[in-house]
Every structure is written in structure tokens, then in C-alpha cells.
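Reviewing the structure listed below.
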Number of protein chains: 2
Amino acid sequence: MRKNRRTCDVPDATVLRLPLYLEKLKLLQAIGVEDVSSRQLAESLDIKASQLRHDFHYFGGFSRPGRPYHVQKLVGALEQIIGIAEPVPTAIIGAGHLGQAIANYQNLEIQGFPIKGIFDANPKLVGVEIRGQPVRDMDELEEVVLKEKVKIAILTVPAAQAQLVADRLVKAGIVGIFNFAPMDLKAPPTVAVRNERMAVGIMSLSFKVKCILQNMDLEEDI
Amino acid sequence: MRKNRRTCDVPDATVLRLPLYLEKLKLLQAIGVEDVSSRQLAESLDIKASQLRHDFHYFGGFSRPGRPYHVQKLVGALEQIIGIAEPVPTAIIGAGHLGQAIANYQNLEIQGFPIKGIFDANPKLVGVEIRGQPVRDMDELEEVVLKEKVKIAILTVPAAQAQLVADRLVKAGIVGIFNFAPMDLKAPPTVAVRNERMAVGIMSLSFKVKCILQNMDLEEDI
DNA sequence: GACCTACTGTTAATTCTTGAACAGGTTTGA
DNA sequence: TCAAACCTGTTCAAGAATTAACAGTAGGTC
């Protein structure tokens, strides 16, 4: 019991690296590599080996000292830790371009997030088939969430409706919300929310672009 | 000159918050608010006021001591810093669902990133109109980048082609690449790259979901 | 004018992250 | 059997980021 609790008390920075480790390891697995050392794995991810071992140390016991990691075991362990050892039923709310883009992204299913429902309020979209399943009316939301035991909702509705929909999802028993609407959602602490902001991404890129251009100008002046 | 250089020597963590500040400030501006204190602004963003002042301190001189910030001035200053005071010509490479979703996201243009070209290798997509402009063939890429002075490219092509396209973009003189392909791009240091990984987002969410579910189980057991 | 309140810019302290170091354990090969 | 080459788990130091504290200014009010 204590161990479970400890497993969750991990820095965010580490949690964000776990998927990267998993991805690389699956790649290695696919080409038949059996063992990998912390140095090899870290190098391919452009981080320090000590950091990787440090990260793994939060969970402990991925290898025995002296031996490199066993790729397959490590993949299994990471899937357990991330919580995708069992598929996590997922729904997409909002079947606009972004919702469709995500629904069509087949890797989602492979990575452990089968799409159990796609919803939209627009009657023109309801009924349209996306990757073999129909877009459903928002009315069916609670019913499907309950029946399919949906745990995670991917929210791609307009900002104006995002909080409203989120409240419905929370009431329906959703545990995690992946929000693409350009606004920060509020939810009780029993629901995990991740706000994905495209604007943040492109603006932080723009900042760096501006710096590069300035430096180029400076060097020209010399 | 020195000041410019200093302006770029800012922690990533701070840079990532600048767009959030800007967004909130624009909202305030839209409803006619003229002044805002660090405490008010920080509270609405769920961060500490001291952190906000600390962030602004890297650039300096947004207000004079004793007086709150002037919303309009602050918006202008942040736009300068982020590099969107002048529009930044942008292109989208890959007109699949994700590319179309981004192209249709009108806020991009408003926020300073006008789309000067949408490209795809698929002949079936070439010519299709998206928000008033045709999808172009990849052959035209270099020409358009040069003519329209495109600075940032949004990459939504399959992982297998991402690096190839990126190399072409770099050669063509692109300064920033916003990469949505599930792989880390390599580029020379004169080109800023931001790799956006959806898998990382949903998996880190899954980790938290798992922790919440475990804690709920634990409490039930008591 | 004097005082009180609200505010910023700046520095100092604290907390979090990262990176280095090292104490063993394992295998290989002479 | 012993040494050399690797390897991990763990601890410790260095470096960043966040938060708190404070000095000093501005404006309002009596």
C-alpha cells in the first residue's frame, strides 16, 4: 500500500519523461533488441544517463545491479506505472477538425487509449462515421461514459463551451480531461486536468525565432 | 544591443508563461480594464504574484514602482518580447486532419501567425481550398517560403517524412519549426525546433488518473 | 503635510531538478 | 582465479526555478 502511494509521489519533470522512455523502448523492442543500458537509452534521448537512472529510481527495481535493463520487462513496468497496462477507455468530445484529427490518429488506440465514443453538438456532424464509429449526439454523453467506463475525455470543443462540458464530464464520473480548448479548466482535485495550449507552443517558438533573427542581425553588423 | 541579448537569456519556464500572461491581458483589454496589479493577474492564472514580477523582471520596466501595470502597454511589451508585434509569416506542411484543424484555427492569424501556404504531397489534397487558400504541391514549398518570407513552419506530416521535410525547410531558410510528428527532429542551432508530443500529454494525464484511482481504492479499503 | 494602503522592482531563501560520483554487482577472457 | 570492462542503485553536490521578504514609490485621505 505504501508502495502505491510512493509510486505517485514523483516530480512532474520525471513523469513527462516516462512516455519518451516508453516510446524509445518500444522502438527497440520492435527491432528485436533485448537489453539496453542506461547510457545507450539516455544517449538516444539526448539526456544524461544519471538522470534516467535517477528517474527510474523513484520506482525501483527495473534491473539488478551490474546488468543492463531488459527491454521487454522495462516496457511492461513503464506501462504499469503510466497506467496503460490495461486499455484506458477514452472519449472525444468535439468532432471538429481537431477532434477528427485525434480520432484518426491510430496510435492512440495502440498506445492504450481506445476511443469508446465521439461526440458533437452539431446535428450536421452527428451520424458521420470516423474510423468506423459514428459521431454521437451530446445527449448520449453520460450514458456512454457510464456504459463504456470511459476514464479519459479529450476535449476539443470551443472555449465558450469547454467548462460546461467539463462539468458534465466530471459529474458523469470521468477521471481525466485532456483539454484542447484555449482556456484553463477548473475541476475538483479528484479529476486530473491537462490543458494543452497550442498558442503557448507557437509563441514560445516565436520567442526563440525572434532571438535567432536578432543574433543574426547582430553578427551581420560586425 | 546588449539589452537585446539579455532579453533572450531567459529561462524556458518563464518563456512558457509569457503567452499565458498575454492571453489574460488581452482578455482584460477586451473588456476595457486599464490597470492590473501583479496580484490580480497572478491570481487569475493560479500562480504567485512574486513569480509574475520575477518573470517580468527579466525584461524590466513594465511599470514604475508603486503603480500597477497598464494593460495596454503590457500587451504591447509582451508582443514585442514574444516577437509577434509584426505578423510572423507561417506555413503548414501536411494538410491531413491535423493540418486542416490548425489551418482552420482562426486565432492563429489573430495572434500574429498568418498562414502563407498549406502544402501536401498527396495529389488528392492538392487544390482543395482551406479557409480561402488552396493546398499546394510540395514542389512549390521553397518558392513560397522565399517569396512570402515564411519564418515558421508547422509540420503535420507522418513521422517517416518529417525529418526529410524539415531538412528542406531548413535549406529554404525557415527559422522555426513546430513539429507535430511523433519524433524528435534534428536541426542546426540556427533553427528553433519545438516538438509537440500528444502522446506525452495523454500519458502524463494517464499517470495522474491511475494515481487518483488508486487513492480512491485505498480510501474505500479503510 | 503626515499617514495609510497598495504597489512594483529586487534580493534572499527555499525548494526542485539535474548532473556527478561512487559503492557494489556481473560478465568476459586470459 | 583474477583483472578489466560494464553496469545499476544510491547518495551527494551543483544548478535552476519558485517563493518569500523587503526597500522604496505613488496616490488617496484626513
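Letters go in sequence order (proteins before strands), and every chain restarts at 1.
- Between dA17(D), dC7(D), dA20(D), one nucleotide has an atom nearer to the side chain of Lys48(B) than all others, and that is dA20(D).
- In this structure, Arg67(B) does not reach the dG28(D) phosphate: none of its side-chain N or O atoms is under 4.0 Å from OP1 or OP2.
- Within the structure, a side-chain polar atom (N or O) of Ser38(A) is placed less than 4.0 Å from OP1 or OP2 of dT8(D).
- Among the nucleotides dT11(D), dA17(D), dT17(C), the one closest to the side chain of His54(A) is dT11(D).
- Considering only side-chain atoms of His57(B), the nucleotide from dT8(C), dT18(C), dG9(C) that sits closest is dG9(C).
- In this structure, Asn195(A) and Leu185(A) approach most closely via the heavy-atom pair OD1-N, 3.4 Å.
- Among the nucleotides dT19(D), dT26(C), dG9(D), the one closest to any side-chain atom of Tyr69(A) is dG9(D).
- Minimum interatomic distance between Ala199(B) and Gln111(A) (heavy atoms only, all atoms of both residues): CB-OE1, 3.5 Å.
- For the pair Glu34(A) CD and dC7(D) P, the interatomic distance rounds to 16 Å; values are reported in whole Å.
- Between the P atom of dA17(D) and the CG atom of Asp12(B) lies a distance of 7 Å, rounded to the nearest Å.
- Within a 6.0 Å sphere centred on CD of Glu142(B), other residues, nucleotides and ligands contribute more than 12 heavy atoms.
- For dC7(D), the OP1/OP2 oxygens have a side-chain nitrogen or oxygen of Ser37(A) closer than 4.0 Å.
- As rounded to whole Å, 15 Å separates atom C1' of dA20(C) from atom CG of Leu52(A).
- Heavy-atom contacts from other residues, nucleotides or ligands closer than 6.0 Å to CD of Glu34(B) number 12 or fewer.
- Side-chain proximity of Ser63(A) to the nucleotides dT19(D), dG9(D), dG9(C) is greatest for dG9(D).
- Considering only side-chain atoms of Arg53(B), the nucleotide from dG9(C), dC22(C), dG19(C) that sits closest is dG9(C).
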